[in-house]
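Inspection log for the structure reproduced underneath, given as structure tokens.
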Amino acid sequence: MISITDLNGYIVFVNDQLCQISGYSKEELIGRRHRILKSGSYPDEFFEEMWTTILRGDTWHREICNRHKHGKLYWVDATVVPIKDNSGQISHFLSFRVDITARKQTEMRLREQLKESACLHEIRRNLARDELSMDALCQLIFGSLIAAMRYPDYAAAMIELDDQRFTSEYFDTACAHRLCTNILVNDKIAGQLQVCYPEDRAFSLPQEQNLINTLAEDLGKWLEHKQTERMHRENEDKFRSIFEGSNDAIMLLTEQTFFDCNMRALEIFGLASKQDFLVLHPAQLSPPVQPDGQDSLTAANKKIMAAFEQGYERFDWIHRRKNGEDFPAEVLLSAFNLHGKRVLQATVRDVSKYKRTEQALLEHEEKFRDLTESLSEVIYRADPQTLFVTYVNSVIETLFGYTAQDWLGEPILWERTIHPEDRQRVIEAIMEAQRTTTNGQVEYRILRKDQTQRWVLNRYSWEKNSQGAVVSFNGVVHDITESKQAEAHINYLATHDVLTGLPNRLLLLDRISQALAFDRRSRTPAAVLFIDLDHFKVINDSLGHDIGDLLLKEVATRLQSCMREEDTVARQGGDEFIVLLPRIAHARDAGIIAEKILNVLALPYQINGKELHIGASIGIASFPDDGQDMATLLRNCDIAMYHAKGTGRNNYQFFAPEMNRQMAEKHALGTDLRHALACNALRLHFQPIIEIASGRLTGIEVLLRWQHPRRGLIMPATFIPLAEENGLIVPIGEWVIRSACQQLKTWHEQGYDVPYLAINLSVRQFRHQSLVADIAHILNETGVDASCLKLEITESMLVQDVDKAIGTLSGLTEMGMAISIDDFGTGYSSLSYLKRFPINTLKIDQSFVHDIATDTNDMAIVTAIIAMAHSLNMEVIAEGVETDVQLSFLREQGCDYYQGYYYSEPLTATEVECKLHPSTG
């Protein structure tokens, strides 16, 4: 157990072991006087002797009785050493304590047994503080008897001795009671008293004084003999039990010869039996020479002689076990009379562990001293009435910039050192602690001498006496600036987006909640804007996430430039942003801000030498019309944003109740879609692909329809986006491939000539890791050859993880399938990618074909696509051909194939069969 005390006796440090055995917490001990640990039975002279010893620079060592927090006493072996500062002056005291309660209890029980066996001798010696004969003792005892015969009213009482007459440090008053209460006055009979001895021995006591004296002497000797005899019998077993039960080695010796030892002595010294032990000289239990250079035999004889002469000798010693191992020990020699012979009791305690700890502490004393000087804690004491500083350590200069001398006599909350905004709060906290718990702590800002600002934690305590009066005020001040900065940084990270520095959703929700509370009281409108960037995914996938991140940061900067100081721009995640507009004059003002945002975002971005363009779709919900709580407002502005996307993107929409109905319908449709597969509600339609040169049907594109039980036939543009959102697109796509293969096999078995089926793959289906394996399984299951399938993908699929796309396409083409690029010309991919992929066919999007007869731009685009494809050995299919003029232009440019209403609209399987030719094979 370790503690550090300042020169005024106040504790500044304790370790966990001291707190555990004393029952006090560190907060309860630090700043209190060290006397809090003592039992209270030590006079002022005891402490004066301790301080005098330590202030001389010497080590002070005593066995002390301490008191636990809840009143229980315990003994410690205390060693106190001075600690000096860099100037060589004593600044603190370091105390080591070892719990010796068990040993003290053993010694006390042993002493009591020895004392009782000699109780009558002690009575004789100490009764009158000098030599007192048994005759005089009997006179005292029977003086009351004589008084009883003179005063009959006193005769029937039990005779008791005056306890105070026999009080001494060697005499147990209970022994006197046991001696005297055996003498009872039973009755007064004809002028005589009946006296009862122990063991019912009785005789009459005449009144004559000379007979009383004789009887008293006889009685005293008899009582002494019986008492001594009984004590010896009762205590021999008790002594042996204590003797053998001790945790220390106990040996009994006369002069220089052992005549007894306990089992613990055999264990400590490593001996097998008492016979081995009793033949040894005390010096043979030690190395030849002690660490101080003394011969062990000579030194041991001196210690033994001194103990016989003085009755007591305590010293440190080095002992040796039988195996040759040396160990440090504390030795106590006590002399006493046993059966009329002077003997010594030697108690040996193995203190190896303590010595090792002590040695380690001593070896690190210099480091420990440096540590205490370098601590950032300021320790202070103040007058409890005025709170003026009466003591402060030197660390004050490091933390505050003022010296300890500057602080003495100043208030603990010196005006020039505490931040004005915190001063009143700190004073109230300190006064509250005085009224309640007596301990407390408070954080506040300080102003150093150079006017720089720091954060500190002030832990303080009001020490009160037993009457509840405040006697001292102590405290410890810690510099917590770094932890406060770290806390602020952690709070910032928890409430802000790492990429853009904008508030995140957590902080946004808090600000919306506060704004609504204020606007609700003031009845002021507010608005929430949900912003989603249009086609950001294409930029992110085609140019990389680094470019995408830089674009997001620039977007965040532009959004903030559109806002007022009280507005909040937050990043919801991905490419979504939310704007809070509190305290606006009218809900329509949010539309003005939204228009400003669209204009600012539409300006070109210069990112790493590339010019980028981005738009946004914005949904607006206003308070209180569109919602009176945070959740409703966020949901409704989200719905309005999706409505903006559905109406062409790059615009803003105010929330309307009708949008809720549409959203509900969309949700219901998504729910129905989940049951479509199980209910066999999906249908395949087919559109022929015609060779322009020959007019012959050369392939069929597979198209998906949904036969809804209430809404009828639903086109894929309505439900495919839902399937993409809820993850159903993969199982639906697998159903399409399997059903198409089964239909193709049926046609072939019926003798129809169908060269191939073209099947569209969705984005999520193309990315699915088991796509190649799943298609291979379906082909094997249906018996369809892979060359009979042509898979159609979009340009955007190629630029999303190029290496993976190449791997997937290679796996498909290795099986024998052909690959087409659908809707070519509408994507954002570089044309240079085409040569890296195993592409067979380009399909010109119908948006370029529709006005091909009148729009020169469309003419040029279609001509360029056909020429480029042929130069790359690819075939070209034109989609959406509806007129003979369109077909004639395509024929002139050398287009290979077409499909559209000019030949046929999408057909059912039965309708297709009418246009099929029998197989020639």
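All residue numbers in this chain count up from 1 along the given sequence.
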Spacing of [atom1] belonging to [X] relative to [atom2] belonging to [Y], to within rounding of 0.5 Å:
{"X": "Thr808", "Y": "Ile775", "atom1": "OG1", "atom2": "CD1", "value": "9.5 Å"}
{"X": "Asn636", "Y": "Leu633", "atom1": "CG", "atom2": "CG", "value": "7.0 Å"}
{"X": "Leu507", "Y": "Tyr492", "atom1": "CG", "atom2": "OH", "value": "10.0 Å"}
{"X": "Leu791", "Y": "Leu757", "atom1": "CG", "atom2": "CG", "value": "10.5 Å"}
{"X": "Asn540", "Y": "Lys537", "atom1": "CG", "atom2": "NZ", "value": "7.5 Å"}

Would you say [atom1] of [X] has more than 12 non-hydrogen atoms from neighbouring residues, nucleotides or ligands within 6.0 angstrom?
{"X": "Glu749", "atom1": "CD", "value": "yes"}
{"X": "Tyr642", "atom1": "OH", "value": "no"}
{"X": "His850", "atom1": "NE2", "value": "no"}
{"X": "Lys645", "atom1": "NZ", "value": "yes"}

Has the side chain of [X] got a donor or acceptor atom that lies under 3.5 Å from a matching backbone atom of [Y]?
{"X": "Thr813", "Y": "Ser810", "value": "yes"}
{"X": "Asn651", "Y": "Ala644", "value": "yes"}
{"X": "Ser762", "Y": "Gln765", "value": "yes"}
{"X": "His643", "Y": "Phe655", "value": "no"}
{"X": "Arg683", "Y": "Gln707", "value": "no"}
{"X": "Asn599", "Y": "Glu595", "value": "yes"}
{"X": "Arg571", "Y": "Gly574", "value": "yes"}
{"X": "Asp532", "Y": "Glu576", "value": "no"}
{"X": "Asp823", "Y": "Asp845", "value": "no"}

**Asked** Tell me, which pairs form a ring-ring contact (aromatic ring centres under 6.0 Å, His included) where one or both residues lie in residues 692-744, sequence neighbours left out?
**Response**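 Every ring-ring contact (aromatic ring centres under 6.0 Å, His included) pair that includes a residue of residues 692-744, provided the two are not neighbours, is Trp706-His708, Trp706-Phe719.
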**Message:** One pair to check against side chain to side chain contact (heavy atoms under 4.5 Å, CB included): Phe824 and Met868. What are the steps and the verdict?
**Reply:** CA-CA 12 Å; Phe824 185 79; Met868 179 199 65; 3.6 Å; yes
**Asked** Going through the checks in order, is the side chain to side chain contact (heavy atoms under 4.5 Å, CB included) test met by Leu779 and Ile737?
**Response** CA-CA 9 Å; Leu779 292 175; Ile737 295 173; over 6 Å; no
Hey, does [Y] have a side-chain heavy atom less than 4.5 Å from the side chain of [X]?
{"X": "Tyr605", "Y": "Leu551", "result": "yes"}
{"X": "Leu529", "Y": "Ile597", "result": "yes"}
{"X": "Glu911", "Y": "Ser904", "result": "no"}

**Message:** Would Ser617 and Asp534 count as a side-chain hydrogen bond (donor to acceptor under 3.5 Å, both in side chains) here? Give the steps.
**Reply:** CA-CA 7 Å; Ser617 299; Asp534 295 332; 2.8 Å; yes
**Request:** Verify side chain to side chain contact (heavy atoms under 4.5 Å, CB included) between Lys553 and Asp549, making sure each step is shown before the conclusion.
**Result:** CA-CA 6 Å; Lys553 293 175 70 174; Asp549 287 347; 5.5 Å; no
**Asked** Pick from Thr883, Ile861, Ile844: which one makes a side chain to side chain contact (heavy atoms under 4.5 Å, CB included) with Val849?
**Response** Ile844
**Request:** Let me know which of Ile578, Thr568, Leu581 forms a side chain to side chain contact (heavy atoms under 4.5 Å, CB included) with Val528.
**Result:** Ile578
Verify the distance criterion only: is there a donor paired with an acceptor across the side chains of [X] and [Y] at less than 3.5 Å?
{"X": "Thr841", "Y": "Lys790", "answer": "yes"}
{"X": "His685", "Y": "Gln687", "answer": "no"}
{"X": "Thr854", "Y": "Asp851", "answer": "no"}
{"X": "Glu701", "Y": "Asn760", "answer": "yes"}

**Request:** Take Thr698 and Ile690 through the test side chain to side chain contact (heavy atoms under 4.5 Å, CB included) and record every step on the way to the result.
**Result:** CA-CA 6 Å; Thr698 59; Ile690 308 302; over 6 Å; no
**Item:** Salt bridge Arg710-Asp672, side-chain N to carboxylate O under 4.0 Å
**Value:**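 Asp672 and Arg710: salt-bridged.
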